[in-house]
Amino acid sequence: MIVVHSAAVNNKIIPANATNKTLPLAWQVAAHSQLAEAEEICAWLEINLDNNLHFKKRLLIITNQRFLTVANYPEKIESYPFHAGLALKHHDNAGVANIELFDGEIQLAHWFYTLAHDFSATRFIKQFELHLASFLTGQPITTETSEVCPNCQSPLEADQDECPQCSSTIDAPPSTWTLFRLWRFAKPYKWQLLTGFLLMLASTAATLVPPYLTIPLMDKVLIPYQNGAPIDIGMVALLLSGLLGSALLAWGLGWARTYILALVSERIGADLRTITYEHLLKLSLEYFGGKRTGDLMSRIGSESDRICVFLSLHLLDFATDVLMIIMTSAILISINPKLALVTLLPLPFIAWMIHVVRDKLRTGFEKIDRVWSQVSNVLADTIPGIRVVKAFAQETREATRFREANQHNLVVNDRINKIWSLFSPSVTLLTEIGLLLVWAFGIWQVSRNEISVGVLTAFLAYISRFYTRLDSMSRIVSVTQKAASGAKRIFDILDHVSSVPEPSNPVHLDKVVGQIEIKSAGFRYGNRAVIKDLSLIIQPGEMIGLVGHSGSGKSTLVNLMCRFYDVTTGSINLDGVNIRSLPISEYRRNIGLVLQEPFLFFGSIAENIAYGKPEATRAEIVAAARAAHAHEFILRLPHGYDSVVGERGQGLSGGERQRISIARALLIDPRILILDEATASVDTETEKEIQKALDNLVHGRTTIAIAHRLSTLHKANRLVVLDRGEIVEVGSHDELMACEGAYYRLYQAQARNVDTDLDDVKNDNEITHKAVSA
Amino acid sequence: MEQSTLITDFSLIRNAAGRLVLTTNDGNVHEGVFPMRAFPISAPAEGLSLIGENGHELAWVASIASLQNATRNLIEEELARREFMPEICSISHVSSFATPSIWQVETDRGDTELVLKAEDHIRRLTHTSLLITDDHGVNFLIRDIDQLDNHSRKLLDRFL
């Protein structure tokens, strides 16, 4: 049935690839051998699953004549010549997507792929439709003029070369030498660090003087005295004052060094904390959704502290030790190279041993960190939910959960301690053996008169210091690893690129009119498509009511409009400009958001109202509170506007808190207003109060309101009914009631029982759930 | 309201469009139904719901084994299509021990690659089984850590 074109144009056999990427090498032979004369590959899609859902690569091809699939193992070609009625459909479920080929109502074949190929699949289907239409009508394909990202079909701005959506998805894993990245934070303090280093050199040198003075003390004073010569008092005094002087010098220098370096490291730690926190605040809601509060808190708090201690204490000691080893070796070699060689012999061996253990310990410490955050996560889960725990009398269970987490912590610690505990005794043993070697070799050398007794004692004095330092140096292994894993966890945050990136070439809107256009927006949370190909234009000043069951995507849509998340496909435009190309804070300044659960920060009421505009005058604050119908109840509070509200606004009723948050939104005078179930959590009486306040707020602004109680949306110009991420109906209340569709059913359900929520009709579980959390 | 009259008696066929068609004993016909396990991990053979195209439950099957052969085959066929949870048999290579990390794994569905975005995408199901979600939302199951070979276990251990 293959339609063969009369091969009049023989000079164009080699396919000109319409897709800008060429076919993968592995497929070229297999695919091209299938092509008839004058047949060209127009588009292709590589998929990674076979029909039994096994990982096997396949190729789907669109030529100018047919639809073709190629599989390698086993070799299999399927061919479907173009004819009217052919259609490709795709849908997905739990990470796997399915492309189906239909001939009218009959399914001809279907193919699977994982969502990794989803963007190219959507594009492939579009290509299929274009080429099929062109084949059937004989018209050449007209390419769209507006530029579209080749990868994900989202429209590109004129000045954007690459799609902001696709380019931001690639992250590289952080390098292993994480600690060196701390240099970024140390750089501003380089002069202090240099001073500290010089002081360290000097103080280390000063500590090396005393053993050296033991040589003359032994050879010129003690041994001659044993041999009958009198003690030279002057010389003894000189040597002893030398000892005292060097000790005093070492003390002073050591103090200055430690002080300066501790000062610097404390500042580095503080910078690290602030910068990490600042970065954290800029990350998208998606990041916070995926992380636990306890974990993030411990990263910023204790990890940065651990790094700070490492820098100020351990690293400092280590550097001193290394300096000391180098200096001591130099001194020993200058006194007697042979004996020095024997003394230094165990050193490489110990270094090797440190290296071996280091690897084992590092993974262990990383593990301890993870387990530790598990323990704190249990706390962070339970303590805020303590009412539920107590209400269901589950204290023992929570205690068990904690004990288990703690037990796990213990097990992991035990395992690492096994290695760790072996480590320092081994170093001590090596020290003893080293000393033994020096004694033996030294006695032999003394007996041959190669060295004096004084030299031997000096060597022993040096080496005993030397090895004790080695012992403490070995400790650096663990602390470095701990600090490195801490640094890694901090850099994990710092390296995380916000999934809502700032535009590289920001566009500035002088005056926002408030027209919002949602162009075929899609959003996917994990493997669930929450919003599917949704398009909507909201005119300036219009009030839109979003209606639908919970889970229908209302809140997600609002989050997308606020740019808390970015759309996966499509775009959202404000006054014709893609919101991705507006600076985030500038964009959000135009949005007033009133949430179901108003969040009040610790501080006075005035501060809370002025949260979005800290420079607001008192008169402005009062005006906003009046408009929000909050003025009167605020005045009834003992300290008026200066009354302090605690965390989450304890001490105020739900309605009062809501009115404060409405005043907060009013004060920034936004062009766009988003009301996310603003009246859902209060009683009917309070709702009326809030409604009055809201009416003031809505006036003249583009408003998007979500409400369970449909009665609260009576002012809306249009109602948009959502179901499973798609718009089912749009229209005014009367229109929608007239057409007796989804809205009509919702309304009827509510009219029957005024006090029930929309969802209760759907789902009785919701009620039980609410009763529990209340 | 609906809960009280949950249908347990029904017939199921696949139509030309590849959709499952459910006919309940009261004569209602629903096209495009799909089966859903209630406990896909902890008790896959118990509790199965047939959901209509609009997302409402149409029928409930307490135990899959109790179904007639033809119906069970249809359901299992459809489940096999919908349930995609490759089981990792071994991990051959990981690109780094810091996330994001690319893993080369062997699964019961062939060799593949997965991208682990963060350590918390590894979820502990029981003491020995893990669920790993890759950055595209595909779930990979490790049924028993102890059954993995030494190399894989060592690699995995670095992330736990």
Side-chain angles (χ1 to χ4, degrees), chain A residues 48-56 92-96 98 100 102-110 112 114-118 169-176 178 287 290-292 295 362-363 366-367 370-371 373 412 488 491-492 495-496 524-528 549 551 723-724 761-762 764, chain B residues 1-3 14-19 31-32 34 36 40 53-56 77-78 80-86 94-102 105-122 124 127 133-140 154-155 157-160:
Chain A
N48 59 351
L49 291 172
D50 68 5
N51 278 15
N52 298 324
L53 292 176
H54 282 243
F55 288 103
K56 288 217 178 91
D92 63 83
N93 169 54
V96 178
N98 189 356
E100 293 171 302
F102 276 92
D103 183 4
E105 285 298 300
I106 296 163
Q107 190 196 53
L108 294 178
H110 61 108
F112 295 103
T114 62
L115 284 182
H117 300 260
D118 203 41
T169 48
I170 309 136
D171 338 62
S175 79
T176 354
T178 335
Y287 185 81
K291 297 279 172 198
R292 303 234 200 144
D295 180 50
R362 183 183 55 201
T363 55
E366 272 185 24
K367 202 168 212 178
R370 276 196 291 269
V371 172
S373 62
V412 173
K488 192 205 119 186
F491 280 110
D492 270 354
D495 289 339
H496 195 96
R524 181 175 279 294
Y525 199 87
N527 59 23
R528 256 175 61 223
H549 306 299
D723 189 32
R724 286 182 290 168
V761 192
K762 293 272 308 166
D764 291 344
Chain B
M1 304 156 267
E2 287 167 52
Q3 266 77 358
R14 189 184 288 281
N15 69 5
R19 306 279 183 265
E31 207 194 300
F34 53 90
M36 211 73 148
E53 227 163 15
N54 53 5
H56 288 290
E77 205 180 290
E78 188 68 20
R81 272 193 203 182
R82 301 182 61 86
E83 286 182 339
F84 185 66
M85 192 158 61
V94 299
S95 68
S96 87
F97 292 115
T99 51
S101 161
I102 301 165
V105 292
E106 281 168 36
T107 71
D108 59 341
R109 294 173 187 272
D111 297 356
T112 189
E113 197 178 273
L114 70 97
V115 178
L116 182 76
K117 260 231 170 124
E119 277 138 12
D120 20 300
H121 289 199
I122 303 179
R124 218 171 245 282
H127 264 290
T133 312
D134 84 344
D135 70 335
H136 290 289
V138 177
N139 290 319
F140 291 82
K154 227 173 241 169
L155 290 178
D157 201 47
R158 297 285 294 265
F159 293 91
L160 297 179

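Within every chain, numbering begins at 1; the chains are lettered A, B, ... in the order of the sequence lines, protein sequences first and strands thereafter.
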*Asks:* Quick check for you: to the nearest 0.5 Å, what is the distance between B/Arg109 atom CZ and A/Asn48 atom CG?
*Replies:*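 With rounding to 0.5 Å, CZ (B/Arg109) is 12.0 Å from CG (A/Asn48).
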*Asks:* Just jot down the side chain to side chain donor-acceptor pair (under 3.5 Å) partners of B/Asp157, sequence neighbours excluded, or say none.
*Replies:*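 Per chain and number, B/Asp157 pairs via side chain to side chain donor-acceptor pair (under 3.5 Å) with A/Lys367.
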*Asks:* Relative to chain B, which segment of A/Leu108 carries a heavy atom at a distance below 4.5 Å: side chain, backbone, both, or neither?
*Replies:*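 Interface part for A/Leu108: neither.
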*Asks:* Measuring from atom CG of A/Leu53 to atom OG1 of B/Thr107, what distance do you get when rounded to the nearest 0.5 angstrom?
*Replies:*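 Rounded to the nearest 0.5 Å, the CG-OG1 separation comes to 11.0 Å.
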*Asks:* Parallel, tilted or perpendicular: which describes the rings of A/Phe55 and B/Phe84, with under 30° parallel and over 60° perpendicular?
*Replies:*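 Perpendicular: the ring planes of A/Phe55 and B/Phe84 meet at over 60°.
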*Asks:* Return the set of residues passing side chain to side chain donor-acceptor pair (under 3.5 Å) with A/His110 (not counting sequence neighbours), or none when no residue passes.
*Replies:*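 Testing A/His110 for side chain to side chain donor-acceptor pair (under 3.5 Å), a comparison that skips the adjacent residues, returns B/Arg81.
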*Asks:* Could you tell me the separation between the CG atom of B/Asp111 and the NZ atom of A/Lys56, rounded to the nearest 0.5 Å?
*Replies:*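 Separation between the atoms: 10.5 Å.
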